[in-house]
There are 2 protein chains.
Amino acid sequence: MATRLSDVAARAGVSVKTVSNVINDYPHITAHTRAKVEAAIADLDYRPNVSARSLRKGRSDFIALAIPEMASAYFAELGAAFSRAAKRRGITVLIEQTEGEPAAEQMVLDGMRGQLIDGIVFSPITSSQAKISAAVGSGKPIVLLGERTTGGTFDHVAVDSVQAAYDATTHLVSLGRRRIAAIGVGGGGASGTGAVRRRGYRKALKAAGLPHDPALELAGTGYHRLDGAASMRALLELPEPPDAVFCFNDLLALGALRTLADAGLSVPDDVAVVGFDDIEDGRYHSPSLTTISADKDWLADQTVALLLERIAGSGEAARRNLTVPYTLEIRESTAG
Amino acid sequence: MATRLSDVAARAGVSVKTVSNVINDYPHITAHTRAKVEAAIADLDYRPNVSARSLRKGRSDFIALAIPEMASAYFAELGAAFSRAAKRRGITVLIEQTEGEPAAEQMVLDGMRGQLIDGIVFSPITSSQAKISAAVGSGKPIVLLGERTTGGTFDHVAVDSVQAAYDATTHLVSLGRRRIAAIGVGGGGASGTGAVRRRGYRKALKAAGLPHDPALELAGTGYHRLDGAASMRALLELPEPPDAVFCFNDLLALGALRTLADAGLSVPDDVAVVGFDDIEDGRYHSPSLTTISADKDWLADQTVALLLERIAGSGEAARRNLTVPYTLEIRESTAG
DNA sequence: CTGAAAGCGCTTACAG
DNA sequence: CTGAAAGCGCTTACAG
């Protein structure tokens, strides 16, 4: 029914091999032949069947990006960046929402899409490295996103969260703040975002000679606005509330800002606030949000490049860790 | 290399047909046979090759969702809803970012993914209905999202924007506002969001016996926070600034709120603000944003259902228009 | 239920 | 460059 390669060949008066050569940009084709084939393709409105190509070649030029949720600003922006990065390289990214559910993450690891995808970029929440190692049944290359846990056996791309958290906290110290709270110390699941960023936070306090008060470390249940708002409320009820808060992502910070606004407190005068992620909402919020800004386009581009390298087959090469560059963006929430 | 259907058949001691029957849940298989086959599948860690299946069946169980940008909150939330709706029906959605570029939209229409996808949900920006009609070369079913332009020949899912805009404006009228501005009248490209919502806006003014002041209709260049902020600044410079603003999406409204905050004006006392889309940022903003809230899950679910119906082949059935239910969510930006 | 076989539309050695 | 053919891994009539 649909026009096939052989139809094009017939119309152009060449062999299927020649048509295939033209489509795949192989050399040794005269301009004349190429023109004939291209005319036939245009005439017949022919488009190659990617299922057939993929079946034959064992490659689909599809990669999967498995993230917890795509509606959440950070991951939405990340997904967009991956989508663009993949397109630049002529491949397509398939976005999988795991919703942080173990079953969905397991499906990803089980090599979902039965051979359709060439490789996976995976941002795990509930799956530990060990679980991932055990479960990679697909044999497909996989690159992990997110906090780097020790002893990982996979390629990995991440921000140096300890250093970034250190920088964020030190910035608050430099403003003269002395009771600096942390929100989100329990979050991030097995990927350990909470634990890793807390390490940097504590390190900065110690370096500044500030006491470490466990009452100022809030775990919360998630990494969304509601969690940040609730944690901030809890902090305000303390006998000695904080004069600054480092939130482990921007959504937590935006929630905290909401609580502070409702309480009639001034930011940054009463409480300074720093986030992490640099999502668009924070940039335009009033007050705008000081935050750790990792380069999402760099991240996406390098990750795709690394994955494609693995797909191409440098399987023997050693595991690679990429560290994403970041900056501390100082805005109104810490700088009046 | 990878285990094949025939490997499973060999191990289970049955025919490939039987294995295929088990995998595809066909009837007439004894529990005993099924158990044998499933054991073999588990033993061999077999997963069907979807390229082969897709090539053979002419169906992939993939649909595409083509949207202007996935990082923008509304579309991110919509993408997430489609992703869930598709998963519930056992299919996968491939999200394409057109970035509102004609070339990218054309690629979508050209039946991108060469036969891989079974159908398309398309939210056009630059492509007119006529262009779409002319370009649907893929022969794949297509469902359009967004404002309904007259004379469309495609299945279409949309909010009744005229009525929603009417409701939003009437709500501002009911608060006693008399100089009600509109931001975003020029947006939405060929899909006509700006024009359609302006119709409802004007209708409401007329119904309320209010004069229609062209100076209060702001076009702007896009539908983002920056555009809303700029338009609001222009409105505040008017000799008679407005006492209320209806923004044609939430991002515009959030930008407008930022300008109002910077200007030291009180919302809603000085200026009441209404948005459109009900994105999460608006719900948690301070003040929280009154907005038109369409049911995104309903939209996604019904759209996927309609598309699957078309794919299944009820081609002769008449074109369908689905109207997405919505509510006006009254929050702080209009109700102090 | 089984078994043998065709065919979906490509790519790719192979012989020329 | 061409032409004829095999084969990627499925599904699906077909005959039993």
Side-chain angles (χ1 to χ4, degrees), chain A residues 1-38 40-41 44-62 111-118 138-140, chain B residues 1-38 40-41 44-62 90 111 113-118 138-140:
Chain A
M1 36 192 331
T3 56
R4 297 183 313 277
L5 200 57
S6 56
D7 300 327
V8 175
R11 175 154 193 128
V14 302
S15 72
V16 292
K17 177 76 173 89
T18 303
V19 178
S20 181
N21 285 344
V22 169
I23 289 171
N24 294 293
D25 263 334
Y26 289 148
H28 308 309
I29 302 165
T30 63
H32 176 66
T33 305
R34 177 181 295 278
K36 259 196 314 188
V37 171
E38 281 168 349
I41 289 174
L44 298 172
D45 197 24
Y46 167 75
R47 271 172 298 273
N49 181 312
V50 299
S51 292
R53 167 182 292 171
S54 161
L55 173 60
R56 181 58 232 253
K57 296 187 74 167
R59 274 197 53 178
S60 63
D61 290 332
F62 274 69
M112 38 136 231
R113 307 294 150 237
Q115 323 294 328
L116 211 205
I117 58 155
D118 295 334
S138 68
K140 307 277 184 190
Chain B
M1 33 192 332
T3 56
R4 297 183 313 276
L5 199 58
S6 56
D7 301 327
V8 175
R11 176 155 192 129
V14 300
S15 72
V16 291
K17 177 81 175 86
T18 303
V19 177
S20 182
N21 285 343
V22 168
I23 289 170
N24 294 292
D25 262 335
Y26 289 148
H28 309 309
I29 302 166
T30 63
H32 176 66
T33 306
R34 176 181 297 277
K36 259 196 315 189
V37 171
E38 280 169 349
I41 289 174
L44 298 173
D45 197 23
Y46 168 75
R47 271 173 298 275
N49 181 310
V50 299
S51 291
R53 168 181 292 172
S54 160
L55 174 59
R56 181 57 234 249
K57 298 186 72 168
R59 275 198 51 179
S60 63
D61 289 332
F62 273 69
R113 306 298 148 237
Q115 324 294 326
L116 211 205
I117 58 157
D118 296 334
S138 68
K140 308 278 185 190

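Throughout, protein chains are lettered first and strands after them, A, B, ... in sequence-line order, and every chain is numbered starting at 1.
C/dC8 atom P lies 11 Å from atom CG of A/N49, rounded to whole Å. Whole-Å rounding puts the A/R53 CZ to C/dC10 C1' distance at 8 Å. Between A/L44 atom CG and C/dG9 atom C1' the separation is 15 Å, expressed in whole Å. The nearest whole Å value for the distance from the CZ atom in B/R59 to the C1' atom in C/dG9 is 19 Å. Atom CG in A/L116 sits about 14 Å away from atom P in D/dG9, given to the nearest Å. Atom-to-atom, CG of A/D61 to P of C/dT11 comes out at 11 Å; the value is rounded to the nearest Å.
The CG atom of A/L44 sits 5.0 Å away from the CZ atom of A/R11 when rounded to the nearest 0.5 Å. Note that CG of A/L116 and CZ of B/R47 are 13.5 Å apart. Values are rounded to the nearest 0.5 Å. To the nearest 0.5 angstrom, B/K17 atom NZ is 10.5 Å from B/L5 atom CG.
Among the protein residues, B/S54 comes within range of no part of the nucleic acid, since none of its heavy atoms lies under 4.0 Å from any strand.
Residues B/T3 and B/V8 fail the side-chain proximity criterion, which asks for heavy atoms closer than 4.5 Å. Taking the side chain as every heavy atom from C-beta outward, B/I23 and B/I41 approach each other to under 4.5 Å.
Under the Watson-Crick or G-U wobble criterion, with both distances below 3.5 Å, C/dA15 is paired with D/dT2.
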Could I get a table of every N or O pair under 3.5 Å where one atom is in the protein and the other is in nucleotides 12-16 of chain D?
| from | atom 1 | to | atom 2 | distance (Å) |
| --- | --- | --- | --- | --- |
| D/dT12 | OP2 | B/Y26 | OH | 3.3 |

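C/dG16 and C/dT12: their C1' atoms are spaced 16 Å apart (whole Å).
A search for salt bridge (Lys or Arg N to Asp or Glu O under 4.0 Å) contacts involving A/R56 returns nothing, not counting sequence neighbours.
Checking A/L5 against B/T33, the closest nucleotide of DNA chain C that is more toward the 5' end is the one next to B/T33.
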